[in-house]
Amino acid sequence: MSRKDWKAENYYSKDFDWDQLREQVESDPYLQFHFLPFSSENVEAHQDDVVAWDEFHARHSTGKFFKERRYLFKEFPELASCKDNSKVLEVGCGNGSTALPILCGREGIILYACDCSSTAIERAKEIVIPAQIVPSRSIVHDSQSLNSSDEINALNPFCSDETKHCIGGVDFVTLIFTLSALPLNRMPKAITQCFSVLKPGGLLLFRDYGLYDMTMIRFEPEQRIGFREYLRSDGTRSYFFCLDTIRSLTTAAGFIELELEYCCVKSVNRRNGKIMKRVWVHGKFQKPT
């Protein structure tokens, strides 16, 4: 797809009231298991996250499972208005569904991308490279820094020669549907790593699953592996955030909160006509200057 064919999609976030959805879900007797206390003693060992995501991307080898996130410039207009040669680090790039819209929609941007899954990295390269994007503007690399004790400087090999490393060297970090795939106890370190890689004044752009999203209430009791944490049948995990959790994580890392809200979107299943209520958390956080 060439740049001239690329168009941003509309961005919707207020199709329904989140508090009304919360009341509806919490009053449903069939959904009460979602709110039961969950002790750390109940948490069992699960398949390695990297293995699960490698297998996931191998199954979805065509790259069509994730749609391109063309709403990003509407949700985060800073990406569209940034200076030439602004640097973006995408954490958890998957098959490139975030990287491709950014690169196609904003010429002059430099994007680095990493993922714990080497299979995902290969899929991203297969999608990004044929899109007629200047190769020097996108560098995709395998990294397990968010799934191990390694620091963000594990990404050093693919950073540009003039900076030598990513620590304090990028203008934006995108964390789009990535944090929820980590175990809860690893999230503080992940956010701290995002903080360390940003320049002073740089932005963390965040979007992920929100509390009472349709996919959360579809999980069965046996798939619950923690408080608001679930394990899919394919071994990948998903956490559903409330605003306070994200606020606590980012504040503890040193970020200044600029925006934080629920995005409540109604979508229609084309097969059966049913309305699906999706809830995501939108956030924008700044590293102090």
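- Contact between V268 and M276 at its shortest, heavy atoms only, is C-CE, 4.0 Å.
- Both V281 and I256 are part of a single hydrophobic cluster, where members link through side-chain heavy atoms under 4.5 Å apart.
- Note on F16: it clusters hydrophobically with L31, by side-chain heavy-atom contacts below 4.5 Å among ILVMFWY residues.
- The two residues V25 and Q32 make their nearest non-hydrogen contact at O-NE2, 4.3 Å.
- Between the side chain of T178 and the main chain of I176, a donor-acceptor pair closer than 3.5 Å is present.
- When only modelled atom types and interatomic distance are considered, Q24 and Y212 share no side-chain donor-acceptor pair under 3.5 Å.
- Annotation for C82 and L79: closest pair SG-O, 3.3 Å, computed over non-hydrogen atoms.
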Pair K87-D171, salt bridge (charged side-chain N to carboxylate O under 4.0 Å, His left out): steps then yes or no:
CA-CA 5 Å; K87 298 176 183 178; D171 301 283; over 6 Å; no
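- Residues passing the side chain to side chain donor-acceptor pair (under 3.5 Å) test with K277: none are found, sequence neighbours excluded.
- Under a hydrophobic-cluster definition in which Ile, Leu, Val, Met, Phe, Trp and Tyr are linked whenever side-chain heavy atoms come within less than 4.5 Å, directly or via other members, L258 and F285 are assigned to the same cluster.
- Counting only heavy atoms from C-beta outward, the side chains of Q223 and R218 never approach each other to under 4.5 Å.
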Go through it in stages, so that I can follow the logic: the residues are T215 and S238, the test is side chain to side chain contact (heavy atoms under 4.5 Å, CB included), and I'd like the CA-CA distance, side-chain angles, deciding distance and then a yes or no.
CA-CA 10 Å; T215 58; S238 184; 5.7 Å; no
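- A donor-acceptor pair is defined here as one N or O able to donate and one able to accept, closer than 3.5 Å; such a pair exists between the side chain of T192 and the backbone of P188.
- For the pair L198/L203, no side-chain contact is recorded, criterion being any heavy-atom separation below 4.5 Å from C-beta on.
- Taking 4.5 Å as the limit, every side-chain heavy atom of M214 sits out of range of all side-chain heavy atoms of S267.
- Contact annotation: the side chain of L205 never approaches that of V88 to less than 4.5 Å [non-hydrogen atoms, C-beta and beyond].
- Counting heavy atoms from C-beta outward, R228 and T245 have side chains that approach closer than 4.5 Å.
- Applying the side chain to side chain contact (heavy atoms under 4.5 Å, CB included) criterion to N185, with sequence neighbours excluded, gives P183.
- Atom CD1 of residue I191 and atom CG of residue L204 lie 5.5 Å apart, to the nearest 0.5 angstrom.
- The CD atom of E90 sits 4.5 Å away from atom OG1 of T98, with the distance rounded to the nearest 0.5 Å.
- Within the structure, the ring pair (Phe, Tyr, Trp, His ring centres under 6.0 Å) test picks out no pair touching residues 88-109 (sequence neighbours left out).
- No side-chain N or O of T251 forms a donor-acceptor pair with one of R247 less than 3.5 Å apart.
- Counting only heavy atoms from C-beta outward, the side chains of F255 and F206 never approach each other to under 4.5 Å.
- For the atom pair OG of S248 and CZ of F241, the computed distance is 11.5 Å after rounding to the nearest 0.5 Å.
- Ring planes of F76 and H282: parallel class, angle under 30° (limits at 30 and 60°).
- Salt bridge R106/D84: present, at least one basic N to carboxylate O contact under 4.0 Å.
- Applying the ring-ring contact (aromatic ring centres under 6.0 Å, His included) rule to Y262 yields the partners W18; only residues at least two apart in sequence or on another chain are considered.
- How far CG of L103 is from CG of L111: 5.0 Å, rounded to the nearest 0.5 Å.
- C194 and V91 get closest at one heavy-atom pair: SG-CG2, 4.5 Å.
- Under the 4.5 Å side-chain criterion, counting only non-hydrogen atoms from C-beta, T174 is not in contact with L72.
- Taking the ring axis of F195 as reference, the NZ or CZ atom of K287 stays within 45° of it and closer than 6.0 Å to the ring centre.
- Of the listed residues (W280, Y239, F177), just one forms a ring-ring contact (aromatic ring centres under 6.0 Å, His included) with Y209, and that residue is F177.
- Across L184, I225, L182, a single residue satisfies side-chain contact (heavy atoms from CB on, under 4.5 Å) together with R237, and that is I225.
- The cluster map of Ile, Leu, Val, Met, Phe, Trp and Tyr, joined by side-chain heavy atoms under 4.5 Å apart, puts I275 and L21 in different clusters.
- Of all the heavy atoms in Y71 and R207, the pair that sits closest is OH-NE, 3.3 Å.
- Taking all atoms of both residues into account, the shortest heavy-atom contact from K266 to D15 is N-OD2, 2.9 Å.
- Note that the OG atom of S27 and the CZ atom of R22 stand 10.0 Å from one another [nearest 0.5 Å].
- Considering only residues two or more places apart in sequence or on other chains, Y230 meets the ring-ring contact (aromatic ring centres under 6.0 Å, His included) condition with H34, F219, F240.
- Residues forming a side chain to side chain contact (heavy atoms under 4.5 Å, CB included) with Q20 (at least two apart in sequence, or on another chain): D17.
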